[in-house]
Amino acid sequence: MGWVNRRRDLGNVIFIDVRDRTGLTQIVFDKSDNPALHEKASQLRSEYVVAAIGKVRKREEKTINRNLPTGEIEVVATDLKLLNESKVPPFLPGDPALANEETRLKYRYIDLRREPMQYNIELRHKVALAIRQYLAAQGFFEIETPFMTRSTPEGARDYLVPSRVYPGEFYALPQSPQLFKQILMISGFDKYFQIVRCFRDEDLRADRQPEFTQIDLEMTFPQPDRVFEVVEGFLQAAFKVAGFELKAPFPRMTYDEAIRQYGIDKPDLRLPKLTDVRAAFTAEQLQSLQLNTELPVVAIRIPRIGELSRKERDDNRPLFGERKDARLIDDVKRLEKSFPEAVAKARELAGAQPEDLLVLVGGPVQVEKSGLRPDYGVFMAAGQFRVELSRKYADRHMAFRQGGFHFVWVTDFPMFEWDEADKRWNAAHHPFTSPHDRDMDKLESDPGSVRALAYDVVLNGTELGSGSIRIHRQDVQKKIFSALGMSEDEAKARFGFFLEALEYGTPPHGGIALGLDRIVMILAGAESLREVIPFPKTAKAVDLMVDAPTPVSEAQLRELGIKIR
RNA sequence: GGGGACGUAGUUCAGUUGGUUAGAACGCUGCCCUGUCACGGCAGAGGCCGCGGGUUCGAGUCCCGUCGUCCCCGCCA
């Protein structure tokens, strides 16, 4: 039984490819064997649903189709049941030319019949199952937490659900089960996990959907190492499903190292490191290049790529020109004429081979985002530039074709970030993250230097997950709120229920959450989350199939006490 | 909120400097065909050129607006 994938009518013999979740099978109808049945088969059309009864026959040698797993057999039909007809579909699941995504999403049920989508959804199932099995075997309980909960104005915008019983009041859909899982630790549930939907009302991207799935976990009494071990374990299990063996433990680097060596807090270890080659230049040389002598000169070494053409250089220049916080000096060939010794020294410092391209980037810097050291801005810009370059050249240069999965733990994130717009410190991860013991005394004097027991797991430059050891002591939690400029009353109003829970014997605890969609996307080799989510939203957060969101009736609104202006 | 790309047949696309009857492939319909497997051959149907306005003797093509899809920035603790 299955769908008619293709019909090949040769006149007196008809071949039907029947498709189901497992693939294709050829059914043969021969007029000379059974004229009535052959006539019936000639009425079949694409996507009709059929049941064929017959004998499975080994194909003759010259009619074997090596391209098909079932290509050595076929079913010789003795009976045929038409279970359902189909309108002519807007596109055929077997068509190699892919329909426009708008059409695919509107007719998602047809799109999902396509073999690649069937593969992705099956992969998603298997990955989730492997993770569940691994965590269950490690003693984790999967415990559900509410979808209708309390709005927390921190962080992303909440999706709100109006309460009918309390007009004017709202539930919020969770951005993550963060506080519930911490309370589960306080409740004595030791090891918790959940593969759970999270909701954020923010603008979308190829790798961001308003509802997405996290592998959320939390445990009592862990060191970060213990969390890493669990995550590495379930990632190994998940990647094995797709046929990849991961080596564990994953390498680690601190946030500061990542910024210094890769210019970004989610380094792609396949790419070469950055080097500060300021020491190669004299102060006069830097001034003649109109560079701030206090700031680094970052060498971006691109192995075995040769010199950039004028056009390639110009194409990439805007990446810096628009940012205003860094300046592309030039590629080294041109600088060499003015400062041959300096360039030679810079090459040496960066460990550049003759065929390597060196691109130099320098200040001045305009810090926009944080209280980090000002030179980080340059590094971040450089990191971005480098990634763009690597994509551009990916097809031509083996240097960037190294396959494989390069995981890294990035640890010791800053506890706070300076919010320039609001002139205050924000929690870099979230306010329940524990600072390092050794930095406790700097919470007030120098918040920017406080490091947190927060960590990210990064794969090939993509952040897969983020977690921390949490604060389990009331007094520490109060200090953090105060460092964030939150009064005691304010903290009580927002998180009172949680602060109260903290007072009743809270064990040390910590955990992490990883994006399931992103993991599956990477394993599927997909470019967008929409390829691994059965019913995704468009970039404007619309479901094209069910046509949501929609206005609702006056009666519904009245019942909720809501007026639309 | 901002920037960019795209929108032509059911689908994927082409459409020259603005020029009179808008094309191709796949799909669809009919006929032919006994070993195809992206079957093949012949014939045919199928178009509000996203929508609205403007410029022009004349607009798929130029201009303005608008809607939709995609990508990026902001945003996403």
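Lettering of chains follows the sequences in order, A, B, ..., and the numbering in each one begins at 1. Below, each value reflects all heavy atoms present in this structure, side chains not excepted, and no hydrogens, waters or symmetry copies. Just so we're clear, the structure is a prediction, and the values are computed from it rather than from any experiment.
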Between A:I14 and A:H38, is the side-chain contact (heavy atoms from CB on, under 4.5 Å) condition met? List the steps.
CA-CA 7 Å; A:I14 296 170; A:H38 174 272; 3.5 Å; yes

Between A:Q194 and A:T145, does a side-chain hydrogen bond (donor to acceptor under 3.5 Å, both in side chains) hold up when you go through it step by step?
CA-CA 9 Å; A:Q194 192 179 189; A:T145 51; 3.0 Å; yes

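Within the 4.0 angstrom heavy-atom criterion, no nucleotide atom of any strand lies near A:L24. Using a 4.0 Å heavy-atom cutoff across all strands shown, A:P96 reaches at least one base atom of the nucleic acid. Within 4.0 Å of A:D30, counting heavy atoms only, lies at least one base atom of the nucleic acid. Using a 4.0 Å heavy-atom cutoff across all strands shown, A:R57 reaches at least one base atom of the nucleic acid. Among the heavy atoms of the strands, none lies under 4.0 Å from A:Q209. Residue-level contact check: A:A97 touches neither bases nor backbone, having no heavy atom under 4.0 Å from any strand.
Nucleotides B:C63 and B:U55 place their P atoms 15 Å apart, quoted to the nearest Å. Across the C1' atoms, B:C13 and B:G7 are found 12 Å apart, a figure rounded to whole Å. Rounded to whole Å, the C1' atom of B:C37 lies 35 Å from the corresponding atom of B:A22. As rounded to the nearest Å, B:C28 and B:G10 have P atoms that lie 15 Å from one another. Distance noted for atom P between B:G19 and B:G23: 14 Å (whole Å).
With 3.5 Å as the limit, one finds no donor-acceptor pair spanning the side chains of A:D456 and A:Y255. A:R451 and A:T254 form no side-chain donor-acceptor contact under 3.5 Å, judged by distance and modelled atom types alone. If you check the side chains of A:N460 and A:T462, you find no donor sitting under 3.5 Å from an acceptor.
Below 30°, between 30° and 60°, or above 60°: for A:F228 and A:W409 the angle between ring planes is below 30°, a parallel geometry. Relative orientation of the A:Y107 and A:F91 rings is perpendicular, given thresholds of 30° and 60° on the angle between their planes.
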Return a single string for nucleotides 25-33 of chain B, one symbol per nucleotide in 5' to 3' order, where B is base contact, S is sugar-phosphate-only contact and - is none, cutoff 4.0 angstrom on heavy atoms.
-SSSSS--B

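In terms of polar N and O atoms assigned as donor or acceptor, the side chain of A:S32 comes within less than 3.5 Å of the base of B:U34 in a complementary pairing. Side-chain to base pairing of A:R200 with B:C76: no donor and acceptor N or O lie closer than 3.5 Å to each other.
Here A:A427 pairs with A:P431, A:L484 under the side-chain contact (heavy atoms from CB on, under 4.5 Å) rule; sequence neighbours left out.
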Scan nucleotides 65-71 of chain B against the protein and return all N/O pairs shorter than 3.5 Å with their distances rounded to 0.1 Å.
unit_1	atom_1	unit_2	atom_2	d
B:G68	O2'	A:E102	OE2	2.5
B:U69	OP1	A:T538	OG1	3.3
B:U69	O4'	A:E102	OE1	3.1
B:C70	OP1	A:A539	N	3.2
B:C70	OP2	A:A539	N	2.8
B:C70	O3'	A:R530	NH2	3.0
B:C71	OP1	A:R530	NH1	3.2
B:C71	OP1	A:R530	NH2	2.9

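In this structure, B:A59 forms no base pair with any nucleotide, since neither Watson-Crick nor G-U wobble geometry is met with both distances under 3.5 Å.
The A:D203 side chain lies nearest to B:G1 when the options are B:G1, B:C37, B:U12.
Applying the 5.5 angstrom centroid cut-off and the 30 degree plane-angle cut-off, the aromatic ring of A:F15 is stacked upon the base of B:U36.
Each of A:P90 and A:L68 was matched to the nucleotide of RNA chain B holding its nearest heavy atom; the match closer to the 5' end belongs to A:P90.
Of the inter-residue distances, the one linking A:R494 atom CZ with A:D489 atom CG reads 12.5 Å to the nearest 0.5 angstrom.
Summarising the local packing, CG of A:D475 is surrounded by more than 12 heavy atoms from other residues, nucleotides or ligands at distances under 6.0 Å.
Look at A:R8 and you'll find a side-chain N or O under 4.0 angstrom from OP1 or OP2 of B:C39.
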